[in-house]
Amino acid sequence: MRIQLLADDRYRDSFASYLSSQAAIELVSESPDAVFDAAFLDAGRKIEQLTSLASSTRILTNTLTLSATRVRSALSDGSQVIGLPIFPNYFDRQKTVEISLPMGASYTAEVAMNFLSALGKTGEQIGDTVAGVFPRTLAMIVNEAAFAVQESVAAAQDIDVAMKLGTNYPKGPLAWCDEIGAETIVAILDALARELAPERYRVAPLLRRHAEAGMKFLD
């Protein structure tokens, strides 16, 4: 499958390296079967890049911070946009990926299913929303854990141990935050705050400081 990659500068190499390692994927700069738009940090630049594509292009767009409906509304009527809420630093290990179609779309998600199949993954179609289901849920759990650390409820390591033992999570929320990146978690929460409810998705100041400093909660 011929794929053209668009991504935020700091994550481009990791996405490109992963896709290039897949035998069924060929990274190209023109005439792709689909464009994989993994960008999520800068909404303005994301839309600017997508509007430069041909109107007939099929676009698989990262919906961590913009819904597929919002992206499609900014493009020409002929564009086929399909949403995939993709975490950087985690996509390579993800077995099932959520898929969403813009409201009113008259096409199917077949190209997204084919893309995921080429990567050895499956797709699960959901309603179109910012950050999907899994990324939104994880971001909220991480945020609550960061509030707990900030308010001296418990140390970061103790919170992670408690969550693993009490809920059978594969890893603690703050370890997951360190793996995915605090910057990504903050970007999701800020997007949800704009889209839905500012107070519900208010970012813990400690989490935002970690994102700004590029720091991790655990060594």
Side-chain angles (χ1 to χ4, degrees), residues 1-43 45-72 74-76 78-102 105-126 128-136 138 170 176 179-181 183-184 187-188:
M1 189 173 187
R2 292 168 57 84
I3 294 295
Q4 180 179 348
L5 174 65
L6 301 178
D8 299 301
D9 291 343
R10 69 189 63 187
Y11 298 118
R12 178 181 299 279
D13 289 346
S14 61
F15 277 118
S17 177
Y18 170 58
L19 293 176
S20 297
S21 70
Q22 305 302 302
I25 298 292
E26 179 187 0
L27 285 181
V28 298
S29 58
E30 57 184 21
S31 302
D33 296 318
V35 168
F36 178 39
D37 164 40
F40 67 95
L41 287 176
D42 187 334
R45 185 164 183 259
K46 176 185 178 82
I47 294 297
E48 182 181 348
Q49 287 184 311
L50 293 177
T51 53
S52 68
L53 301 173
S55 61
S56 59
T57 302
R58 297 184 294 183
I59 300 168
L60 310 176
T61 189
N62 194 343
T63 53
L64 285 184
T65 54
L66 285 180
S67 68
T69 302
R70 172 67 184 88
V71 171
R72 189 167 187 256
L75 307 181
S76 62
S79 298
Q80 289 191 19
V81 176
I82 302 170
L84 304 171
I86 299 296
F87 280 132
N89 305 326
Y90 184 69
F91 183 50
D92 57 338
R93 281 155 287 169
Q94 199 166 352
K95 301 301 183 184
T96 301
V97 179
E98 297 163 17
I99 297 172
S100 63
L101 291 172
S106 58
Y107 48 88
T108 69
E110 180 181 5
V111 65
M113 292 293 191
N114 291 341
F115 172 63
L116 294 176
S117 178
L119 297 174
K121 306 179 189 297
T122 58
E124 183 72 28
Q125 191 162 336
I126 62 170
D128 186 37
T129 181
V130 169
V133 178
F134 168 60
R136 176 173 58 177
L138 182 57
W176 225 327
E179 180 179 328
I180 292 167
E183 175 187 54
T184 298
I188 292 170

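Residue numbers run from 1 in the order of the sequence given.
Nearest heavy-atom pair across Leu6 and Arg12 is CA-NH1, 4.4 Å. For the residue pair Ile25 and Ala118, the shortest heavy atom distance occurs at CD1-CB, 3.9 Å. Between Ile82 and Ala112 the shortest heavy-atom distance is CG2-CB, 3.7 Å. When all heavy atoms of Ala16 and Leu27 are compared, the pair lying nearest together is O-CD1, 3.7 Å. Listed here is the closest heavy atom pair of Pro88 and Leu64: CD-CD1, 4.3 Å. For the pair Arg72 and Ser79, the tightest heavy-atom approach, listed with the atom from each and the gap, is NE-O, 3.2 Å.
Between atom CG of residue Asp42 and atom CG of residue Asp9 there is a gap of 9.5 Å, rounded to the nearest 0.5 Å. Atom-to-atom distance recorded for Tyr90:OH and Ser14:OG is 15.5 Å, nearest 0.5 angstrom. In this structure, CG in Leu41 is found 6.0 Å from OG1 in Thr184, a value given to the nearest 0.5 Å. One distance of note links CG of Leu50 with CZ of Arg45; it measures 11.0 Å at 0.5 Å rounding. In this structure, the separation between CG on Asp33 and CZ on Phe115 is 11.5 Å, given to the nearest 0.5 Å. Expressed to the nearest 0.5 Å, how far CZ of Phe15 lies from CG of Asp92 amounts to 9.0 Å.
In this structure, the side chains of Val130 and Arg70 stay at 4.5 Å or more apart for every pair of heavy atoms. Counting heavy atoms from C-beta on, the side chains of Leu138 and Ile180 come closer than 4.5 Å. By the 4.5 Å heavy-atom criterion applied to side chains, Lys46 and Asn62 are counted as neighbours. Between Val35 and Leu60, every side-chain heavy-atom pair lies at or beyond the 4.5 Å cut-off. Two residues are said to be in side-chain contact when any heavy atoms from C-beta on lie closer than 4.5 Å; Ile47 and Leu66 meet this criterion. Residues Ile59 and Leu75 meet the side-chain proximity criterion, which asks for heavy atoms closer than 4.5 Å. In this structure the side chain of Leu119 reaches within 4.5 angstrom of the side chain of Tyr18, judged on heavy atoms. Arg136 has its side chain out of reach of Pro85: every pair of non-hydrogen atoms, C-beta onward, lies at least 4.5 Å apart.
Formation of a donor-acceptor pair under 3.5 Å by the Arg58 side chain with backbone atoms of Ala34 is not found in this model. Gln125 places no side-chain N or O within 3.5 Å of a backbone atom of Ala109 that could act as its donor or acceptor partner. For the pair Thr61 (side chain) and Ala68 (backbone), a donor-acceptor distance under 3.5 Å is absent.
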(message) Before you tell me yes or no, could you show the steps for Leu53 and Gln4 under side-chain contact (heavy atoms from CB on, under 4.5 Å), namely the whole-Å CA-CA distance, both residues' side-chain angles and the distance that decides it to 0.1 Å?
(response) CA-CA 11 Å; Leu53 301 173; Gln4 180 179 348; 4.2 Å; yes

(request) Given side-chain contact (heavy atoms from CB on, under 4.5 Å), test Phe134 with Gln94 step by step and report yes or no. (result) CA-CA 11 Å; Phe134 168 60; Gln94 199 166 352; 4.3 Å; yes

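For Arg2, the CZ atom is densely surrounded, since the number of other residues' heavy atoms within 6.0 Å is greater than 12. Atom CD of Glu179 has more than 12 neighbouring heavy atoms from other residues, nucleotides or ligands inside a 6.0 Å radius.
Between Phe91 and Phe36, the distance from one ring center to the other falls under 6.0 angstrom.
Under the side-chain hydrogen bond (donor to acceptor under 3.5 Å, both in side chains) test applied with Ser100, the options Asp128, Thr129, Thr63 reduce to a single match, Asp128.
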